[in-house]
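Before I ask anything, here is the structure I am working with.
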Protein chains: 2
Amino acid sequence: MSHPPAKPTLRADAQQNVTKILDAAVACLSRNADASVSEIAKTAGVGRVTLYGHFPSRQALVDAALTRAIADGEHVLQALDLTGDPREALDALIKSSWLLVAQATAVLEAAQATLAPGRVQELHAGPAQRVDDLIRRGQADGAFRADLPANWLTSVLHHVIHGAAIDVAKGRLESTDAARFISQTILAAYSKAGA
Amino acid sequence: MSHPPAKPTLRADAQQNVTKILDAAVACLSRNADASVSEIAKTAGVGRVTLYGHFPSRQALVDAALTRAIADGEHVLQALDLTGDPREALDALIKSSWLLVAQATAVLEAAQATLAPGRVQELHAGPAQRVDDLIRRGQADGAFRADLPANWLTSVLHHVIHGAAIDVAKGRLESTDAARFISQTILAAYSKAGA
DNA sequence: CTCAACTCGAACAGCACTGTTCGGGTTATG
DNA sequence: CATAACCCGAACAGTGCTGTTCGAGTTGAG
């Protein structure tokens with residue numbers, strides 16, 4: 001344990017810079033899909049050369065940023081109990097982590113432009129499956145409508161969350177309202193037609 | 001009338017090329033927001049120099065493409081009767097023109113990156129107002145829920161349509177299903193909670 | 001204190017895109 | 001058919017980004 005094998009020398013200072021860079025990368029890429037490396041470095045308060053010292057290419061940086069954004073989202077998802085009423089579970093999911101989901105989705109969109117499509121799918125698979133399972137269970141329980149396919153419902157959820165994030169960024173929506181609006185819209189959209 | 005003032009010489013051949021270029025520009029820009037001029041020219045089957053002969057800059061081209069995409073959308077909207085039951089009117093609107101709306105929205109998104117924000121707002125205002133009016137009327141009639149603001153409902157509509165277009169483009173959704181899915185989703189999302 | 005690890009600005013080559021010019025070829029129109 | 005309008009490829013300068021090198025300064029760890 002006290003001997004991390006393949007890392008002969010990594011100063012405490014350096015690793016701290018790496019996280020600063022990743023923070024900046026996630027922030028910039030979720031705002032602007034094709035943010036330049038200079039812009040990310042400046043946002044991180046770091047020289048461009050230093051950045052290239054930690055990530056060999058822009059692709060590698062985007063990959064790392066996406067990995068971290070998705071890991072953050074997955075971490076929040078794992079802390080939630082999704083076993084109760086699908087409606088309540090979905091409501092809790094939205095209210096606790098819509099912002100993280102929106103950020104991860106935005107970075108994912110940025111990554112889609114520059115990363116191999118298989119790699120994107122690979123990283124995104126985990127958390128996406130978790131949400132998909134919840135929706136399918138809701139359909140099987142009769143809590144959600146079954147006249148539309150589950151992957152369409154998940155797609156709607158993603159796009160509504162993404163849209164809300166854009167609206168907040170553009171000042172068209174108060175961030176304090178966002179979670180409530182999303183939840184009420186999605187639950188209505190998922191409810192059975194006859195109900 | 002037989003003397004168009006400021007256009008001393010415009011050959012019939014040339015104007016035809018202009019429309020080919022605009023077609024290509026709309027197609028390319030709705031697929032990829034930052035498509036190059038070369039790519040658009042090649043898609044139009046036209047030399048890059050010819051393109052610059054008709055549009056002085058990339059900005060002007062994007063502006064013209066957006067103007068035409070929105071004009072197309074507005075043309076379809078004007079042909080619709082939106083005075084009946086708001087639910088049926090919205091359903092008809094989606095089924096007749098969701099693809100055009102999606103295309104216009106995509107081009108608009110591309111334009112947002114390169115055009116002045118005021119100009120975008122200016123072009124988009126017309127058709128957007130028309131949809132907004134329909135939704136507000138539906139709320140006043142009691143056909144649509146009123147516990148969420150109208151501009152949020154319009155935002156949801158746009159983002160769901162946009163998302164459906166992306167899903168179709170990526171092969172995750174059959175284009176024959178799209179209109180029905182959008183309509184059923186939106187109508188449920190707009191319905192009153194207690195109903 | 002000392003040294004290696006780290007940081008940083010300046011500057012370079014390579015690349016892609018924009019916008020322009022030149023010269024020769026095509027074609028509609030009168 | 002003759003001319004003016006138009007089309008087009010090649011090639012140029014200018015710009016911004018990527019990825020790299022160099023040399024000098026700063027700082028953490030032993």
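Being a predicted model, the structure only gives us computed values, none of them experimental. By convention in this document, chain letters (A, B, ...) are assigned in the order of the sequence lines, proteins followed by strands, and residues within each chain are numbered from 1.
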Subject >> Residues within residues 21-33 of chain B bordering DNA chain C, heavy-atom distance below 4.0 Å >> reply: none
Original post:
Could you go step by step and tell me if B:R68 and B:D23 meet the side-chain contact (heavy atoms from CB on, under 4.5 Å) rule?
Top reply: CA-CA 9 Å; B:R68 221 196 58 154; B:D23 285 342; 2.5 Å; yes
Original post:
Roughly how many Å is it from NZ in A:K42 to C1' in C:dC8, rounded to a whole number?
Top reply: 14 Å
Subject >> All side chain to side chain contact (heavy atoms under 4.5 Å, CB included) counterparts of B:R87, not counting sequence neighbours >> reply: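 Partners of B:R87 under the side chain to side chain contact (heavy atoms under 4.5 Å, CB included) test: B:D85, B:A143, B:F144, B:L187.
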Subject >> Hydrophobic cluster (4.5 angstrom, side-chain heavy atoms) - remaining members for A:I166 >> reply: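 Hydrophobic cluster check, A:I166: no partners found.
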**OP:** Mind listing the residues from residues 52-68 of chain A sitting with a heavy atom below 4.0 Å of DNA chain D? Number order is fine.
**Re:**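 When residues 52-68 of chain A is checked for heavy atoms under 4.0 Å from DNA chain D, the hits, listed by number, are A:Y52, A:P56, A:S57, A:R58.
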Atom pairs under 3.5 Å: protein N/O with N/O of nucleotides 8-12 of chain D:
{"unit_1": "D:dC8", "atom_1": "OP2", "unit_2": "B:G47", "atom_2": "N", "d": "3.2"}
{"unit_1": "D:dC8", "atom_1": "OP2", "unit_2": "B:T50", "atom_2": "OG1", "d": "3.0"}
{"unit_1": "D:dA11", "atom_1": "N6", "unit_2": "B:R48", "atom_2": "NH2", "d": "3.4"}

Original post:
Which heavy atom in B:V46 sits nearest to a heavy atom in B:L51, and how many Å separate them?
Top reply: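 Looks like CG1-N, 4.2 Å.
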Original post:
Which heavy-atom pair separates B:P127 from B:I70 by the least distance, and what is that distance?
Top reply: CG-CG2, 3.7 Å
Subject >> Heavy-atom protein contacts under 4.0 Å, nucleotides 23-30 of chain D, coded B base, S sugar-phosphate only, - none >> reply: ----BSS-
**OP:** Test side-chain contact (heavy atoms from CB on, under 4.5 Å) on A:N32 and A:D34 and set out the steps.
**Re:** CA-CA 6 Å; A:N32 179 7; A:D34 44 32; 2.9 Å; yes
Original post:
Do you know which two heavy atoms are closest between A:R136 and A:A150, and how far apart they sit?
Top reply: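 Heavy atoms only, the tightest pair is NH1-CB, 3.6 Å.
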Subject >> Verdict with supporting geometry, A:E122 and A:R119, salt bridge (charged side-chain N to carboxylate O under 4.0 Å, His left out) >> reply: CA-CA 5 Å; A:E122 181 185 344; A:R119 177 68 178 148; 3.3 Å; yes
**OP:** Mind calculating the distance between CG (B:D34) and P (D:dG16) to the nearest angstrom?
**Re:**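 The answer, rounded to whole Å, is 17 Å.
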Subject >> CD/A:Q121: more than 12 non-hydrogen atoms of other groups inside 6.0 Å >> reply: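 Incorrect, the count does not exceed 12.
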Subject >> Side-chain (A:S36) to main-chain (A:E39) donor-acceptor, under 3.5 angstrom >> reply: yes
Original post:
Quick one: A:L51 CG to D:dT20 P, roughly how many Å, whole number?
Top reply: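 Distance, rounded to whole Å: 12 Å.
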**OP:** Compute whether any side-chain donor of one residue and acceptor of the other, for B:Q129 and B:D133, lie under 3.5 angstrom apart.
**Re:**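 Result is yes, a qualifying pair exists.
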**OP:** Mind checking the CG-CG spacing from A:L80 to A:L90? Nearest 0.5 Å is all I need.
**Re:**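 Rounded to the nearest 0.5 Å, the CG-CG separation comes to 11.0 Å.
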Subject >> Among D:dC17, C:dC6, C:dT18, the one nearest A:A14 by side-chain distance >> reply: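 Of the options given, the side chain of A:A14 lies nearest C:dC6.
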**OP:** Verify, without hydrogens or angle tests, whether A:S183 (side chain) and A:R180 (backbone) share a donor-acceptor contact under 3.5 angstrom.
**Re:**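 No; zero donor-acceptor contacts below 3.5 Å.
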